[in-house]
Amino acid sequence: MMPGWLPRLWRTSTGRFGLIVVAIIAVAALVALFWTPFDPQESDVRNRWAGPGLPHLLGTDDTGRDILSLLMAGARTTAFVSVGAGIIATLVGIALAGLGALTARWLRETVAVLVDILIAFPVLLIAMMISSVWGGSLWVVIWSVGIGFGVNIARVTRPELRRVQQSDFVLAARASGLTTSQSLVRHLLPNVAPVFIVQLSWSMAVAVLAEAGLSYLGFGASVTEPSWGLLLADLQRYIGVHPLSVIWPGLAITLTVLALNLLGDGLREATDPTLRHRAAEIHTPAVVA
């Protein structure tokens, strides 16, 4: 059975665009696990800088590698990093938000101070510092972005949890014997989901940018792993001679980040009842007596 929010998401132009692009990236990443038009790491010097066409639909790079195959393989890395960072950000954000909203006052204030301290450090700077010590890897990107944006999610979600916690239906549920954890799962989290979804989609979009940027700088994926950032770093040296080759990885990164942000906005509109009621009031014609 189709969820009720999915038709509402499809009716919004931003949600529809984000859903289509994210679905294409996900399918490309899934297909790349089993098949790509050519081996992404296989060089063919005789076909260096082949233009778009058959058999290389997007052309080849300076060593003769097929750019479409590299983009499909890079989509696997992008999906892995964005989903992994999203999961970690979710766990960290919910844990900190719950501790900062539903516990004793001294613990709430301690968590608030901790969040304020952690949020002062840029996520990319933390990732670069960790990479310089432990070496560049995708796991460094995932953990640094996940923890960094988990703190952002907690900062935005904590006041919403506090507001919903004071609602009459939550107080009635607590009076009927519902525990704090049960109230969190049944009432609090569903009511702050729209705000949470936007922050989560933003963290996944930044994870894509972080992986591409850190790989471009040499702090992210290793040279043996396919990555849009590594491909962009390899091709940008030839932008004056073969500018079209640089467009493809840059376009893939841009569209993915844009789609994740728009999908988050569309999901918020589709799941937030207050926005739906407001939209209904705007589109309902006034009755003149």
Enquirer: For the residue pair Ile87 and Val83, establish whether any side-chain heavy-atom pair is separated by less than 4.5 Å.
Expert: yes
Enquirer: Give the intermediate values and the outcome of side-chain contact (heavy atoms from CB on, under 4.5 Å) for residues Thr157 and Leu96.
Expert: CA-CA 9 Å; Thr157 307; Leu96 289 178; over 6 Å; no
Enquirer: Passes side-chain contact (heavy atoms from CB on, under 4.5 Å), Ile67 versus Ser245? Steps please.
Expert: CA-CA 8 Å; Ile67 292 180; Ser245 63; 3.9 Å; yes
Enquirer: For Leu263 versus Gly15, what's the shortest heavy-atom pair and its separation?
Expert: CD1-O, 4.0 Å
Enquirer: Mind running side-chain contact (heavy atoms from CB on, under 4.5 Å) on Ile88 and Ile147 for me, showing each step along the way?
Expert: CA-CA 7 Å; Ile88 293 175; Ile147 293 174; 4.3 Å; yes
Enquirer: For a 4.5 angstrom cut-off between non-hydrogen side-chain atoms, does Leu57 reach Leu54?
Expert: yes
Enquirer: How close do Val22 and Ala259 get, counting heavy atoms only, and between which atoms?
Expert: CG2-CB, 4.0 Å
Enquirer: Is Met72 close to Pro40 at the side-chain level, that is, under 4.5 Å between some pair of heavy atoms?
Expert: no
Enquirer: Say whether Leu138 and Leu30 are linked into one hydrophobic cluster, either directly or through other cluster members, by side-chain heavy-atom distances under 4.5 angstrom.
Expert: no
Enquirer: Does a side-chain heavy-atom distance below 4.5 Å link Leu255 with Phe17?
Expert: yes
Enquirer: Just to verify, which of Val111, Leu118, Thr110 counts as forming a side-chain contact (heavy atoms from CB on, under 4.5 Å) with Leu114?
Expert: Leu118
Enquirer: Would you find a donor on one side and an acceptor on the other, under 3.5 Å apart, between the side chain of Arg65 and the backbone of Gln41?
Expert: no
Enquirer: May I have the step-by-step check of side-chain contact (heavy atoms from CB on, under 4.5 Å) for Leu231 and Leu71, ending in yes or no?
Expert: CA-CA 8 Å; Leu231 181 60; Leu71 290 178; 3.9 Å; yes
Enquirer: Between Arg76 and Thr36, is any pair of side-chain heavy atoms under 4.5 Å apart?
Expert: no
Enquirer: Are Leu33 and Ile25 linked, directly or through intermediate hydrophobic residues, by side-chain heavy-atom contacts shorter than 4.5 Å (ILVMFWY only)?
Expert: no
Enquirer: Of all the heavy-atom pairs spanning Ala85 and Val145, show the shortest one and how long it is.
Expert: CB-CG1, 4.0 Å
Enquirer: Rounded to the nearest 0.5 Å, what separation is found between the CG atom of Asp39 and the CG atom of Asp44?
Expert: 11.5 Å
Enquirer: Would the distance check show the side chain of Thr60 and the main-chain N or O of Asn47 forming a donor-acceptor pair, the cut-off being under 3.5 Å?
Expert: yes
Enquirer: As an exercise, state the distance from OG of Ser201 to CG of Leu262, rounded to the nearest 0.5 Å.
Expert: 9.0 Å
Enquirer: State yes or no: do Val241 and Val246 share one hydrophobic cluster built from I, L, V, M, F, W and Y residues joined by side-chain heavy-atom distances below 4.5 Å, directly or via other members?
Expert: no
Enquirer: Less than 4.5 Å apart, side chain to side chain, heavy atoms only: is that true for Val208 and Val81?
Expert: no
Enquirer: If I take atom CD from residue Gln199 and atom CZ from residue Arg155, how far apart are they, to the nearest 0.5 angstrom?
Expert: 7.5 Å
Enquirer: For Pro37 versus Asp66, what's the shortest heavy-atom pair and its separation?
Expert: CB-OD2, 4.2 Å
Enquirer: Which value, rounded to the nearest 0.5 Å, describes the distance between Leu232 atom CG and Ile247 atom CD1?
Expert: 11.5 Å
Enquirer: Please report the closest heavy-atom contact between Thr254 and Gly250, naming both atoms and the distance.
Expert: OG1-O, 2.8 Å
Enquirer: To the nearest 0.5 Å, what is the distance between CG on Asp234 and OG on Ser227?
Expert: 9.5 Å
Enquirer: Taking all heavy atoms of Asp62 and all of Arg48, pick out the closest pair and write down the distance.
Expert: O-NE, 2.6 Å
Enquirer: Got a second to check how far Asp265's CG is from Leu260's CG, nearest 0.5 Å?
Expert: 11.0 Å
Enquirer: Taking the side chain as every heavy atom from C-beta outward, state whether Trp248 and Leu235 have any pair of such atoms under 4.5 Å apart.
Expert: no
Enquirer: Please determine which of Val21, Ile20, Val27 meets the side-chain contact (heavy atoms from CB on, under 4.5 Å) test together with Ile24.
Expert: Ile20
Enquirer: Can you tell if the side chain of Leu99 reaches within under 4.5 Å of the side chain of Leu107, non-hydrogen atoms only?
Expert: yes
Enquirer: Report whether Trp35 and Leu68 are members of the same hydrophobic cluster (ILVMFWY, side-chain heavy atoms less than 4.5 Å apart, transitive linking).
Expert: yes
Enquirer: Strictly by ring pair (Phe, Tyr, Trp, His ring centres under 6.0 Å), give each pair with a member in residues 55-85 just once, sequence neighbours left out.
Expert: Phe38-His56, Phe80-Trp139
Enquirer: Can you tell me if Ser82 uses its side chain to pair, donor with acceptor, with the backbone of Met204 under 3.5 Å?
Expert: no
Enquirer: Given 3.5 Å as the limit, does a donor-acceptor pair link the side chain of Ser215 with the main chain of Ala212, or not?
Expert: no
Enquirer: Starting from Leu230, can I reach Leu70 by hopping between I/L/V/M/F/W/Y residues whose side chains sit under 4.5 Å apart?
Expert: no
